[in-house]
Amino acid sequence: VTIQFEEQNGIKQDLILALTFDNISCAEAVHKYGEHNILVYARESSSHYSKRILDSVDLDAIVRVSPIIATPEDVDRFLEVTQLIAEGRI
């Protein structure tokens with residue numbers, strides 16, 4: 001798993017987490033998160049609405065994670081599922 005940061009302002013920070021996976025496409029990862037009731041979004045170059053974030057990280061697709069995870073348990077679950085996806089176990 002790679003966390004992509006926007007660097008246009010010279011600071012590696014963003015409220016939107018942009019992920020890519022080495023082992024599967026972003027669309028597949030979004031589907032896997034959904035199967036575990038975790039809401040994330042695919043941002044792909046085919047969508048006009050994805051242009052800003054994709055241009056900022058110089059990629060054609062990312063998994064977009066909004067900062068709406070509200071509880072420590074939500075964060076733990078997100079990280080657990082992310083690890084399972086990255087390891088190819090789900």
Side-chain angles (χ1 to χ4, degrees):
V1 177
T2 302
I3 300 173
Q4 307 292 335
F5 289 98
E6 177 180 347
E7 295 187 49
Q8 289 178 332
N9 62 3
I11 301 171
K12 288 186 173 187
Q13 65 181 13
D14 203 335
L15 290 177
I16 303 298
L17 187 62
L19 301 179
T20 55
F21 288 83
D22 296 332
N23 57 334
I24 62 171
S25 72
C26 292
E28 290 174 291
V30 168
H31 180 74
K32 290 180 183 289
Y33 280 114
E35 289 177 337
H36 293 273
N37 298 315
I38 297 173
L39 183 61
V40 296
Y41 303 93
R43 291 294 182 244
E44 299 172 333
S45 58
S46 59
S47 169
H48 145 76
Y49 297 104
S50 300
K51 183 173 175 38
R52 186 204 63 82
I53 194 165
L54 293 176
D55 286 352
S56 71
V57 295
D58 196 30
L59 294 170
D60 290 328
I62 60 158
V63 175
R64 179 186 183 274
V65 183
S66 297
I68 58 172
I69 298 174
T71 67
E73 294 80 16
D74 291 338
V75 173
D76 289 345
R77 183 68 183 138
F78 171 78
L79 293 173
E80 289 169 4
V81 171
T82 299
Q83 182 174 3
L84 292 172
I85 293 170
E87 293 173 349
R89 296 193 300 160
I90 60 170

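The structure presented is a predicted model; accordingly, all values stated were derived computationally and were not measured.
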Counting only heavy atoms not in His31, do more than 12 sit closer than 6.0 Å to its NE2 atom?
no
Is the backbone N or O of Glu73 less than 3.5 Å from a side-chain atom of Asp76, with the two atoms forming a donor-acceptor pair by type?
no
I'd like to know if Glu35 pairs up with Lys32 as an ion pair, taking the criterion as any Lys NZ or Arg NE/NH1/NH2 lying under 4.0 Å from an Asp or Glu carboxylate oxygen.
no
On a heavy-atom basis, the closest approach of His36 and Ile90 is NE2-CD1, 3.5 Å
Inter-residue atom distance Ile38.CD1 - Glu80.CD, 0.5 Å rounding
8.5 Å
For Ile85, does its backbone N or O pair with a side-chain atom of Asn23 as donor and acceptor, under 3.5 Å?
yes
Could you report the tightest heavy-atom contact between Ala42 and Ala27, atom names first, then the distance?
CB-CA, 4.5 Å
Rounded at 0.5 Å granularity, tell me how far CZ in Arg43 sits from CG in Leu19.
13.0 Å
Compare all side-chain heavy atoms of Tyr41 with those of Ser50 and state whether any distance is below 4.5 angstrom.
no
Per the side-chain contact (heavy atoms from CB on, under 4.5 Å) rule, which among Thr82, Asp22, Thr20 passes with Val1?
Thr82
Heavy-atom closest pair (Ile53 atom, Ala18 atom, distance to 0.1 Å) is CD1-CB, 4.5 Å
Exercise: identify the closest heavy-atom pair between Tyr33 and Val63
CE1-CG1, 4.2 Å
Rounded to the nearest 0.5 Å, what's the gap from CG on Leu79 to CG on Asp74? Could you check?
11.0 Å
Which pair of non-hydrogen atoms, one from Ile62 and one from Leu59, has the smallest distance, and what is that distance?
CG2-CD1, 3.9 Å
